K.L.:
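Let me give you the structure first, and then I'll get to my questions.
Throughout, protein chains are lettered first and strands after them, A, B, ... in sequence-line order, and every chain is numbered starting at 1. Model, not experiment: these values are computed from the prediction.
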Amino acid sequence: MTGSNVVLEVKDLVTHFPTRTGVVKAVDGVSFKIERGKTLCVVGESGSGKSVTARSILQIVDTPGRIVSGSMMLHRPNGSSVDLATLNPRGPEIRAVRGAEIAMIFQEPMSSLSPVHTVGDQIMEVLRLHLKMSKADARARTIELLKQVEIPNPDRAIDRYTFEFSGGMRQRVMIAMSLACNPSLLIADEPTTALDVTTQAEILDLIKRLQQRHGMGVMFITHDMGVVAEIADDVLVMYHGKVMEEGPVDRIFHAPQDAYTKMLIGSVLKLERKADIRLKRAPIDEKAPPVVEIKNLVMHFGSGNNLVKAVDDVSLSVRPGETLGIVGESGSGKTTMGRCLMRVYQPTGGQMSYRRADGSVVDLVAADKHKLRECRREIRMIFQDPVGSLNPRMTVAQIIGEPLLVNEIAKGAELDDRVADLMRQVGLEPAWRERYPHAFSGGQRQRIGIARAIALNPRLIVADEATSALDVSLRSQMLDLMMNLQDKLGLSYVFISHDIGVIRYMCDRIAVMYRGKVVETGETEQVCDAPNHAYTKALLSAIPRPDPRARRMGQRHRYVA
Amino acid sequence: MTDVTFAAVDKSRLAVASQWQLMWWAFKRHRLAMVGLYVVGFFYLIALIPGFFSSNDPSAQNARAAYHPPQRLHIIDEAADGSWKFNLHIRPYVLRRDPTTLAAIYVEDPNRKVDLQFFTQGYEWSFFGLFKSNLHLIGTGDARQPLFLLGADRLGRCVWSRIMQGTQISLSVGLVGVFLSLLLGIVLGGISGYFGGKLDFSIQRVIEFVLALPTIPIWLAMAAALPQDWPATLNYFMITLILSLTGWAQLARVVRGRFLSLRTEEFVTAARLDGVTEGRIIFRHMLPSFMSHIIASITLAIPAMILAETSLSFLGLGLQPPTISWGVLLREAQNIRSIATAPWLFAPGVAVVAAVIALNFLGDGLRDAADPYNK
Amino acid sequence: MLRFLVTRFLWMVPSLFVISFLAFVLIQLPPGDYVTTYIATLAASNEIVDQNQAADLRQRFGLDQPMIVQYWKWITGILLRGDFGLSFEWQQPVSELIWERMALTLVLTFSTLLATWAIALPVGIYSAVRKYSIGDYIATFFSFLGLAIPSFLLALVLMYLAAVEWGQEVGGLFSEKYQTAPWSWGKVVDLLWHLWIPVIILAVSGTASLIRVMRANMLDELNRAYVTTARAKGLSEFRLLMKYPVRLALNPFISTIAWLLPNLVSGSIIVAIVLSLPTAGPLLLQSLMAQDMYLAGAFILLICALTLIGSLISDILLAIVDPRIRLE
């Protein structure tokens with residue numbers, strides 16, 4: 001080994017995407033170094049160029065992307081160096097580096113692996129290509145690798161296909177593949193974004209342990225500041241293809257210099273505690289009868305061997321003016337639960353008693369078409385996907401005005417006034433009324449969705465992952481808007497999310513769901529700070545905190561049910 | 001991606017651009033499709049007023065012009081003194097007998113010259129019985145001096161004029177046939193996609209079954225069942241009906257697929273929660289996203305119909321003379337001896353190929369532009 | 001996998017049944033029956049058949065019974081004894097007339113399928129990988145042209161060129177001396193020698209559409225994340241192309257057999273008529289014209305069964321190559 005421990009040294013990297021209208025400078029003069037055994041986190045919001053930077057290193061940028069200038073020196077253990085930027089992207093030199101000296105893992109483990117080849121085939125291929133192993137040796141080594149990444153029954157798993165594995169297991173396969181040739185640098189491009197937090201914690205753990213064992217450098221790309229705080233040695237903050245700030249993780253979090261970094265960390269920290277609006281508000285009347293009371297709700301899909309108990313005997317209640325948070329991982333049944341409440345799905349059993357403004361009580365499970373229609377004016381929904389939930393063929397005014405029009409509440413000039421008023425309430429220019437959804441950004445589209453939800457003066461709104469598709473800096477803005485509207489219009493919310501941060505920021509009470517059941521309910525503070533159920537403990541301890549001084553992955557609880 | 005795709009368009013206009021506007025912008029960038037659009041438009045113009053584009057009465061026989069070759073067009077008119085001017089004219093052909101074989105040969109008569117006139121008078125044609133006219137795009141202006149742009153057939157009928165007339169039938173068979181298929185396809189595909197469950201399952205099986213059948217033998221069998229002595233119009237409708245009986249399955253499948261994917265779109269769920277009635281959901285929220293795809297599918301289905309009609313009529317089981325369609329015209333080219341003497345009898349085939357290519361280009365462009373939102 | 005295969009096979013039973021019924025109804029559609037046609041033919045040559053004679057004829061052929069009874073006799077005859085009935089026109093059992101022609105139809109269709117694949121696969125891959133290159137434009141141009149030319153027109157043009165340019169008659173599947181000869185090696189070679197012209201004519205439109213399909217499949221697959229993964233592993237472009245996107249694009253390609261085969265069979269009938277090949281086409285047309293119902297019915301039944309079996313084979317192939325289907 002030479003004096004320096006640097007594996008890769010990138011200087012003034014510039015990558016362009018020529019398009020019909022001009023050049024997109026995806027990476028615009030980026031420089032950094034990665035050391036052996038250290039982790040560099042590259043962080044930024046969508047469109048910051050962090051992923052393109054990673055792909056530029058291996059020269060696998062998607063067409064028509066092109067490295068324009070800069071150097072990328074790869075320092076080998078034997079002291080020699082090579083500038084990757086000068087290599088022919090299809091030539092044998094760069095191919096010898098890929099997968100052998102620098103390996104890469106990707107965000108979507110499902111689509112990143114071929115569905116028609118066995119995992120063993122795909123891992124052995126690397127071994128046979130770079131290490132020229134025989135078939136038998138490669139197989140033995142692959143089983144060993146699968147064992148290393150803790151895949152159960154590796155000697156059988158080797159002959160399976162990717163779709164037979166869960167998301168976390170697939171990512172383990174990807175990791176096994178990347179480690180096959182003991183690379184000196186591992187590039188991980190958002191490897192945990194598509195995974196649940198508890199799975200994410202395990203994958204992060206695994207990468208850390210393997211890094212320690214093999215002594216490789218890791219370049220970890222993420223948008224999640226919590227993950228950065230948990231695993232980074234050094235941090236590179238990117239924005240619009242440029243490096244905004246760079247430094248040791250502690251300094252970035254505790255003494256950020258750059259305005260963008262400060263904003264980014266500020267908006268993350270904001271979601272670490274309860275919203276100011278909520279702290280200032282008078283307590284909710286606990287004696288008031290609940291707006292909706294769900295008893296023993298059951299929702300089954302399929303039958304026979306394929307029976308899925310998506311919602312399994314759930315009881316909950318929502319008080320007037322309150323926000324009930326429903327938190328859980330994918331497959332916990334939280335979204336199904338919300339859709340049952342709207343009667344998008346017809347529940348298999350149970351009761352959902354909704355108390356109307358005049359005090360009468362309607363069972364939403366049994367309500368007939370007419371009753372349901374009336375109740376749906378008072379119970380509204382905000383959707384997760386700001387693109388899919390707005391009809392691209394209708395103008396904003398038509399979208400917001402549709403519920404008013406079809407419920408015969410307003411038409412003509414009055415409708416126009418109401419729509420303009422609604423747009424103002426959610427912070428949209430009424431002058432934009434004739435525009436189509438494609439003219440709006442993600443945050444603005446979600447505002448349109450909110451305006452549509454409040455158009456009928458509802459009493460209860462079900463918000464399903466309403467902020468998940470937004471960048472972190474927009475999230476708290478959207479939540480603040482929702483809370484302001486809640487106080488002004490006297491709304492109750494059922495707020496469904498996988499993100500404990502936004503739940504804590506906004507909700508009064510939390511229900512934790514796991515495999516179709518509610519395992520714990522309680523006041524937000526109580527559940528977040530002193531959870532009772534083992535699953536809640538495991539869930540909370542798996543969430544990385546955006547503070548490098550409070551790393552706790554190692555001591556997290558594990559829940560096995 | 002919308003921003004990138006339509007960056008050439010002014011931002012403020014883009015913001016308020018409707019679906020059709022966006023589609024049109026996307027479509028215009030597709031150059032081949034634009035060419036296809038113009039060509040198809042021109043073909044349908046001919047189909048509308050074939051008489052105007054013809055030079056001779058397409059049914060008129062001329063015993064002295066059997067297998068008359070296409071006339072050469074002369075552009076330069078040279079006078080005896082060597083001076084010349086631009087003047088479109090033909091030199092009429094005279095019929096000679098080959099002295100040894102006694103076969104008929106046509107020879108250009110160098111002494112005579114007939115000027116061609118645009119927008120000239122000629123035989124009288126009728127526009128669907130609504131009005132009559134004797135205006136023609138090009139002609140000699142003299143009934144005794146016919147213009148054979150593409151020669152004449154066995155009975156001395158003008159091939160060019162017959163192709164023009166055949167355009168009407170051949171292209172309308174495509175349209176009417178697709179329209180009938182579409183009715184069946186939308187009804188069955190719509191039911192299948194909308195109600196789902198067992199009904200969907202059964203209709204799906206029927207569609208798969210129909211798609212697995214070879215069309216020609218079934219068409220042949222059905223067409224063979226049609227009495228030969230039926231009036232031309234009835235025959236025409238029966239043939240289009242037969243063609244659409246197998247053509248609907250493809251469209252039904254497209255309709256069903258679209259229906260299913262739209263039903264799961266969140267904006268449809270949102271509309272339902274808005275209290276929108278089922279009818280309004282279908283017509284106001286789903287149909288607009290549907291239309292563009294359907295139009296593209298229709299455009300791509302027309303060529304198949306045209307080819308099918310042509311094949312059937314060619315085999316003598318489709319439309320029957322005196323009805324004129326491209327397929328009927330190609331029957332003239334059926335035996336090797338007639339095409340060896342008169343290769344211009346292939347000309348209707350060129351029309352078929354041109355129309356089908358243009359429709360395919362157009363359909364391809366429409367399909368690519370049909371969804372301007374998800375690129 | 002086994003369950004899939006069993007259900008898929010079970011589906012064939014009602015399908016074939018429906019086909020047989022459909023074929024029978026189709027040949028019953030024309031007004032009148034063979035005897036009517038027969039009498040008309042005789043009348044044309046000034047022979048007069050009286051009502052009694054006609055009734056006798058009808059009774060002999062069983063034409064006086066209700067349709068469902070006729071169908072029952074017909075289908076049980078086929079299933080139990082392989083007896084397709086009697087051809088009125090040829091006065092021979094249908095089964096003596098059809099098998100050789102059906103076999104030749106099968107040979108023609110199958111050779112065309114192979115030719116179509118052999119051309120469409122590489123061209124489609126090339127077209128997608130070198131998108132917007134000159135080669136891609138040429139392939140696209142020819143595939144549009146191929147889609148637009150009706151196969152009978154192509155056959156006619158080829159016949160014309162052969163007759164006028166080369167002074168040769170094109171047509172048939174055998175040279176004169178082998179036409180009625182029994183099967184021998186010489187006859188097989190002679191068949192192959194004649195087969196390529198109809199195969200090429202038939203392959204044109206199928207190839208054109210398959211090139212489009214393969215190109216679109218490949219373009220889809222080329223942008224998938226696993227291609228980037230394979231590249232990041234250090235595989236060479238050619239190797240990764242063959243192992244991943246081509247392999248995956250093949251799956252939808254295989255399922256195209258199901259619709260390609262009916263088209264090929266349809267096309268082969270017309271081309272066979274134009275080129276007067278000794279396959280099913282010309283005889284089917286003739287029998288339909290003459291209302292020779294058992295002969296026409298046998299052809300329609302067998303041709304439809306052929307395409308149904310083709311789609312069965314494509315489904316099975318698909319299940320074999322795609323683990324996602326096999327393991328569901």
K.L.:
Between Y71(C) and S20(C), is there a side-chain donor-acceptor contact under 3.5 Å, judged purely by atom types and distance?
P.N.:
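S20(C) vs Y71(C): donor-acceptor pair found between side chains.
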K.L.:
Could you tell me which portion of I19(C) (side chain, backbone, both or neither) has an atom closer than 4.5 angstrom to a non-hydrogen atom of chain B?
P.N.:
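Backbone plus side chain of I19(C), per the 4.5 Å heavy-atom cut-off to chain B.
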K.L.:
Under the 3.5 angstrom rule, does the side chain of S151(C) hit a backbone N or O of I201(C) as a donor-acceptor pair?
P.N.:
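No; zero donor-acceptor contacts below 3.5 Å.
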K.L.:
Non-hydrogen atoms of chain B under 4.5 Å away: do they reach the side chain of L284(C), the backbone, both or neither?
P.N.:
side chain
K.L.:
Please identify each residue that fulfils side-chain hydrogen bond (donor to acceptor under 3.5 Å, both in side chains) with Q334(B), with sequence neighbours left out.
P.N.:
none
K.L.:
Side chain from CB out, backbone as N, CA, C, O: work out which of these in P217(B) comes under 4.5 Å of a heavy atom of chain C, or both, or neither.
P.N.:
both
K.L.:
Is the shortest side-chain heavy-atom distance between Q320(B) and V328(B) below 4.5 Å?
P.N.:
no
K.L.:
Measure distances from V157(C) to the heavy atoms of chain B and classify the residue's part below 4.5 Å as side chain, backbone, both or neither.
P.N.:
both
K.L.:
Under a 4.5 Å cutoff for heavy-atom pairs, which residue among A355(B), P343(B), G349(B) has the most contacts with chain C?
P.N.:
P343(B)
K.L.:
Looking at L202(C), T207(C), V204(C), I211(C), which hits side-chain contact (heavy atoms from CB on, under 4.5 Å) with T116(C)?
P.N.:
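Only match with T116(C) under side-chain contact (heavy atoms from CB on, under 4.5 Å): T207(C).
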K.L.:
Identify which of I306(B), T215(B), L32(B), V352(B) forms the greatest number of heavy-atom pairs closer than 4.5 Å to chain C.
P.N.:
T215(B)
K.L.:
Tell me the salt bridge (charged side-chain N to carboxylate O under 4.0 Å, His left out) pairs involving residues 8-25 of chain C, sequence neighbours left out?
P.N.:
R8(C)-D315(C)
K.L.:
Considering only heavy atoms, which portion of L22(C) lies under 4.5 Å from any heavy atom of chain B: side chain, backbone, both, or neither?
P.N.:
side chain
K.L.:
Non-hydrogen atoms of chain B under 4.5 Å away: do they reach the side chain of I149(C), the backbone, both or neither?
P.N.:
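Answer is both: backbone and side chain atoms of I149(C) are under 4.5 Å from chain B.
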K.L.:
Tell me which of these, I218(B), L359(B), L211(B), has more heavy-atom pairs under 4.5 Å with chain C than the rest.
P.N.:
I218(B)
K.L.:
Count the heavy-atom pairs under 4.5 Å between each of L156(C), V18(C), I300(C) and chain B, then report the option with the highest count.
P.N.:
L156(C)
K.L.:
Report yes or no: does S338(B) contribute a side-chain atom to a donor-acceptor pair with the main-chain N or O of E332(B) at less than 3.5 Å?
P.N.:
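A pair under 3.5 Å: yes.
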K.L.:
Is any side-chain heavy atom of Y294(C) closer than 4.5 Å to a side-chain heavy atom of Q70(C)?
P.N.:
yes
K.L.:
Between I273(C) and chain B, with a heavy-atom cut-off of 4.5 Å, which part of the residue counts as in contact: side chain, backbone, both or neither?
P.N.:
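I273(C) touches chain B through side-chain heavy atoms alone.
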K.L.:
Could you tell me which portion of F152(C) (side chain, backbone, both or neither) has an atom closer than 4.5 angstrom to a non-hydrogen atom of chain B?
P.N.:
side chain
K.L.:
Among L261(C), L306(C), I269(C), V274(C), which residue has the highest count of heavy-atom pairs closer than 4.5 Å to chain B?
P.N.:
I269(C)
K.L.:
Are any non-hydrogen side-chain atoms of D364(B) and N360(B) less than 4.5 angstrom apart?
P.N.:
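Contact flag for D364(B)/N360(B) side chains = no.
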K.L.:
Answer yes or no for R205(B) and F209(B): cation-pi contact, defined as NZ/CZ to six-membered ring centre under 6.0 Å and angle to ring axis within 45°.
P.N.:
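No, R205(B) does not sit over the ring of F209(B).
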K.L.:
Please classify the contact of I303(C) with chain B as side chain, backbone, both or neither, using a heavy-atom distance under 4.5 Å.
P.N.:
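Its backbone and side chain both get close to chain B.
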K.L.:
Can you tell which part of S311(C) gets under 4.5 Å to a heavy atom of chain B, answering side chain, backbone, both or neither?
P.N.:
side chain
